[in-house]
Every structure is written in structure tokens, then in C-alpha cells.
Amino acid sequence: MVSFDARVAGTPAQAWRDDPRLDRAAPLDVATVDRLVVVAAHPDDETLGAGGLIAGCAARGIPVTIVIVTDGAASHPDDVLTSRRRAREAARAVEVLAPNAELRLLGFPDGRTDEHRWAIRTALNAAIGDVGAGTRVAAPWRGDGHRDHRVVGELVADLMPAPQLWEYPIWMWHWADPADAVVPWSRARRASIDAAPKARAISAYASQTNGDAPQLLPSFLEHFRGDTELIFVAEEVPPALAEAARPAATVSPTVDTVGHEHFDALYARRADPWRVETRWYEQRKRALTLASLPHPAYASGLEVGCSIGVLTAELADRCASLHAIDVSAEAVRRTRERLDADEVRGVTVEQRDARELDVAARYDLIVLSEVGYYLDPTALDQALDRLLECLSDDGVLVACHWRHTVDGIPATGDQVHDALARRPLHRVARYRDDDVVLDVVSRDPRSVARQEGLA
């Protein structure tokens with residue numbers, strides 16, 4: 001069970017030290033590093049996860065910048081002075097590790113990184129600054145489980161070229177064990193460190209290690225003692241993380257249809273697996289999709305694959321009634337939560353496969369966005385045939401898909417649109433670039449201007 005409470009018994013530090021994979025991990029290459037930036041979600045993350053790396057680079061004369069995103073105040077929510085105390089502790093810890101380092105405290109609310117994604121991304125971009133070939137940015141490992149660690153790690157990964165991104169785990173040591181499949185041993189690199197300055201820097205965080213209710217107990221801190229730190233390099237991204245880090249698509253005609261379990265697991269690990277709320281690619285794609293609709297309003301709409309409901313809410317503005325479906329129960333739950341919070345009316349959301357739609361239903365708008373390539377060729381044909389049965393005589397079907405490849409998915413976006421092109425429909429609009437393909441098809445071949453009598 002994933003736990004972020006050091007008072008809950010976790011995996012003993014000795015279990016990790018005894019695992020031979022730790023010793024077999026290749027050494028972390030710092031020979032070509034000419035600048036190190038360490039990004040932390042909370043004050044103390046930088047010391048726990050990369051304190052030895054910071055001290056080692058500083059000792060070599062490598063310029064170090066440390067960026068701490070939140071104020072850390074959630075550790076003692078009833079104490080209004082917590083954020084100031086943790087800022088002072090961070091300054092003392094950094095002074096121990098790297099006296100000449102630049103420390104930047106961004107001061108975002110602890111525990112609310114997801115709500116401030118765009119502002120944090122902008123602030124991180126400014127704090128990291130120009131990135132040369134010799135710059136390395138170390139950030140919380142995206143698989144660490146803790147939401148703030150995940151969000152900050154994802155934002156840094158968005159900003160950094162993969163070879164220059166390093167990730168450090170913190171809570172993994174507690175809730176995982178060495179045999180867990182989630183531990184990316186293939187990407188693990190071992191940094192040999194001087195344990196003494198790191199230990200002194202940890203002691204600087206007295207609010208976390210001392211007092212009546214310490215947050216970091218000795219058994220937890222034992223994971224961060226010793227002369228080794230583990231860093232995950234970004235050259236080889238595990239398939240599960242790679243898919244969650246990209247919009248979607250792929251190339252394996254022999255792969256079966258991807259089931260709901262796959263998506264439920266992604267949503268369990270990340271609130272927004274494809275970052276549809278924060279990525280400009282996703283925002284632009286939604287704008288293209290909405291702009292391509294040939295009518296200003298529709299009586300009834302169907303969205304296949306609603307995910308977390310971001311596009312759903314926007315489609316609802318164009319539809320008197322909208323039926324949103326997804327094979328994932330977790331996606332359905334999150335869409336319902338979003339629509340309820342936004343007080344969106346006229347929308348029903350249910351867990352359903354497109355191949356199981358009621359053929360008696362009729363929709364004058366159907367949107368199939370970033371879904372088709374999860375279906376094997378037979379399932380894709382079945383789904384498209386069922387959707388056409390549900391399309392009204394003057395209805396419009398909009399399909400939009402990512403064109404790059406991701407391992408483990410049955411089709412590519414282009415293959416999905418090729419299958420759609422074989423249906424007895426007229427293509428009334430198309431947009432295509434290196435990243436995305438969007439088709440609008442209908443039984444009515446007339447363009448918008450012709451329908452309005454302008455052409």
C-alpha cells in the first residue's frame with residue numbers, strides 16, 4: 001500500500017541495501033555536468049533525495065541552483081509560522097550542502113500543486129533559466145506516488161530534454177520494495193556521496209525531525225543515510241510512464257484491444273495521466289476540435305472516451321444534451337466530479353464500450369478523440385460501425401488522434417482515420433500536421449458555406 005506517513009511501517013532501509021541491484025546500478029555520470037539545478041516539491045526533499053549530489057557538485061565547483069516549489073506549511077497546518085520556519089531551515093540546509101548555491105523559494109501552497117500547475121510551470125521555467133548541454137535538472141521522481149512530487153516531476157519533465165533530466169525518489173523507499181515492478185531499475189544510477197554534509201543538512205530541518213510530532217522518524221530517515229544516492233536517468237522511460245507522459249497512440253498490429261484495467265491503473269497513479277489540463281498540445285487540440293464543428297449547436301452529442309471530462313465540459317456548451325462514455329470507471333467518476341463542480345447541465349456520463357452502444361440512440365454529433373488506436377483492427381471496425389448506426393441522418397462525426405507512436409497500442413492515429421475513410425461518409429473538413437490528424441465526416445457532403453447558401 002502506498003503510504004506517505006513515516007509513522008506507518010514501511011520497507012526497512014536494510015532491505016534496499018541488501019538488494020544486489022543497488023550495487024549493480026551504473027555510476028551516475030557527472031563528468032560532463034557544468035550546472036546542476038535541483039527542484040524540490042517541499043523544503044527537505046532536495047536534501048533527502050539529492051543532498052549528496054548537491055554537496056558533491058558544489059565541491060567540484062559546479063554551480064548549483066536549488067528551487068523549492070511549495071512552502072511546506074502542510075506539515076504543521078495549525079502553526080501559521082510553519083512556512084517561515086521551513087524557509088529558514090531550507091536556507092541552513094543549503095548552506096551546509098553548497099554554500100555558494102542559489103536558493104529559490106517559489107512559495108506555492110503545500111498540497112495544492114495540481115491546482116496551480118500552470119503558474120508553477122511558468123515559475124519553474126523562469127527559475128531553471130537557460131539550459132545548456134551541460135545542465136542537469138534533478139526533480140522528484142514522477143512515480144514517487146505523492147501528488148506534489150508527481151506534479152512537480154511532471155512539470156519539470158515537460159520543460160527538460162530527456163537526457164538532461166534526473167529524478168530522485170523519496171517515498172518510494174518507504175512504500176515500495178526492491179522487487180516492485182514500479183521501480184525502474186534499468187534507469188537507476190548510483191551516486192557515491194559524502195554522507196557527512198547530507199546528515200548535517202537533514203538535521204537542519206528540526207521542525208520535521210524533532211518535537212512532539214516529528215514528520216520524519218529515524219526509521220524513515222535511515223533510507224537517506226549512507227554513502228549512496230539513487231538517481232533515475234531519463235534516457236529509457238518505462239512503457240507505463242512513457243504512455244502517461246505522452247498524449248497517446250501507436251504501432252503494434254498484433255496487440256489486443258487495451259482494456260479498462262490499463263486506464264484504471266493510469267488514473268490511480270496520476271490525476272491527469274496525459275496532462276490534458278496543462279499541456280499546450282492538448283489545449284490547442286481541443287480548440288481545433290471545437291473550431292472544426294460545422295454547426296454552432298447540436299441537439300444531442302456523444303463523446304467516446306471522456307477521460308477526466310475537460311473536453312466534455314466544453315462540448316456541453318455546444319450540445320443541448322451530451323452523453324459521455326469511457327471504459328474506465330475511474331475516468332467516469334472524475335468526469336462526473338468535474339461536471340458537478342462546474343454545475344454543467346444536460347450531460348450524462350456512464351461506463352460503456354462504444355461497441356455496446358444502444359443502436360436505437362441517435363446523435364447528431366459524435367466525437368471520437370484519442371480513443372481509436374486503443375482498439376485492435378476488429379474492435380475498431382466494430383466500434384466505427386456501431387457509431388455510424390447511432391449517427392443521425394444529418395449528423396457529424398469528428399475524429400481526432402495523435403500521430404506519433406507509443407509502444408503497446410494496437411494501431412496508429414493514421415490507421416484509425418484510414419479505417420474511418422472506408423466508411424460511406426463524406427469528409428467535410430480535415431486538419432493534419434506532424435502531431436495530430438483531425439477529420440470531420442458526415443452523410444451530408446455540403447460545406448458550412450454551402451449549407452448557409454453562401455457558395
Side-chain angles (χ1 to χ4, degrees), residues 6 33 35-113 116 119-120 122-129 135-140 146 148-149 151-153 155-156 166 168 170 191 193-211 213-217 220-221 223-225 229:
V33 177
R35 178 176 176 238
L36 175 69
V37 180
V38 176
V39 178
H42 313 98
D44 75 19
D45 290 342
E46 80 296 330
T47 298
L48 296 173
L53 177 64
I54 292 169
C57 286
R60 292 180 177 87
I62 298 171
V64 177
T65 299
I66 296 169
V67 184
I68 301 177
V69 173
T70 76
D71 58 13
S75 67
H76 297 80
D78 297 328
D79 186 345
V80 296
L81 299 178
T82 298
S83 61
R84 295 183 187 178
R85 184 176 297 113
R86 297 201 71 179
R88 290 195 298 269
E89 291 172 345
R92 287 196 289 269
V94 170
E95 177 68 22
V96 170
L97 296 172
N100 297 319
E102 177 185 14
L103 173 61
R104 296 196 176 193
L105 303 173
L106 302 185
F108 286 93
D110 188 357
R112 298 184 60 191
T113 53
H116 295 273
I120 293 173
T122 302
L124 282 173
N125 194 36
I128 293 171
T135 299
R136 295 294 180 271
V137 177
H146 191 291
D148 285 346
H149 294 191
V151 170
V152 172
L155 291 173
V156 175
W166 290 346
Y168 56 84
I170 292 179
I193 67 168
D194 182 350
K198 180 171 179 173
R200 293 198 303 274
I202 289 173
S203 298
Y205 285 103
S207 69
Q208 307 304 297
T209 58
N210 299 331
Q215 302 297 304
L216 305 178
L217 300 180
F220 179 73
L221 289 174
H223 291 288
F224 307 99
R225 311 292 186 189
E229 285 176 345

Item to check | R225, CZ atom: more than 12 neighbouring heavy atoms under 6.0 Å | outcome: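 Yes, because the 6.0 Å sphere around CZ of R225 holds more than 12 heavy atoms from other groups.
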Next on the checklist: Strictly by ring pair (Phe, Tyr, Trp, His ring centres under 6.0 Å), give each pair with a member in residues 38-74 just once, sequence neighbours left out.
Outcome noted: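 Those involving residues 38-74 are H42-H146, H42-H149.
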Can you name the side-chain contact (heavy atoms from CB on, under 4.5 Å) partners of [X], sequence neighbours left out?
| X | answer |
| --- | --- |
| A98 | I54, A58, A101 |
| P63 | none |
| A196 | D194, R200 |
| L106 | V67, V69, F108, A123, L124 |

How far apart are the closest heavy atoms of [X] and [Y], and which atoms are they?
| X | Y | result |
| --- | --- | --- |
| P43 | T70 | CD-O, 3.5 Å |
| T65 | A127 | CG2-O, 4.4 Å |
| A50 | Y168 | CB-CD2, 4.2 Å |
| T47 | A201 | CG2-CB, 3.6 Å |

Next on the checklist: Tell me every residue that passes salt bridge (charged side-chain N to carboxylate O under 4.0 Å, His left out) with R85, counting only those two or more places apart in sequence or in another chain.
Outcome noted: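 Counting only residues at least two positions away or on another chain, R85 forms a salt bridge (charged side-chain N to carboxylate O under 4.0 Å, His left out) with D79.
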Distance from [X] atom [atom1] to [Y] atom [atom2], nearest 0.5 Å?
| X | Y | atom1 | atom2 | answer |
| --- | --- | --- | --- | --- |
| N100 | I62 | CG | CD1 | 13.5 Å |
| Q208 | E89 | CD | CD | 6.5 Å |
| L48 | F220 | CG | CZ | 6.5 Å |
| L97 | C57 | CG | SG | 11.5 Å |
| E229 | I193 | CD | CD1 | 4.0 Å |
| L105 | L103 | CG | CG | 4.5 Å |

Item to check | Residues forming a side chain to side chain donor-acceptor pair (under 3.5 Å) with T113, sequence neighbours excluded | outcome: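 Partners of T113 under the side chain to side chain donor-acceptor pair (under 3.5 Å) test: D148.
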Checklist entry - Got a sec, which pairs hit salt bridge (charged side-chain N to carboxylate O under 4.0 Å, His left out) with one end in residues 99-110, sequence neighbours left out? => result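 Sorted pair list: E102-R104.
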Item to check | Within residues 38-47 or reaching into it, pairs that qualify as salt bridge (charged side-chain N to carboxylate O under 4.0 Å, His left out) - sequence neighbours excluded | outcome: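 Passing the test, one end in residues 38-47: D44-R86.
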Next on the checklist: Taking the side chain as everything from C-beta on, heavy atoms only, tell me whether W166 gets closer than 4.5 Å to V38.
Outcome noted: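 Result no, sub-4.5 Å side-chain heavy-atom pair not found.
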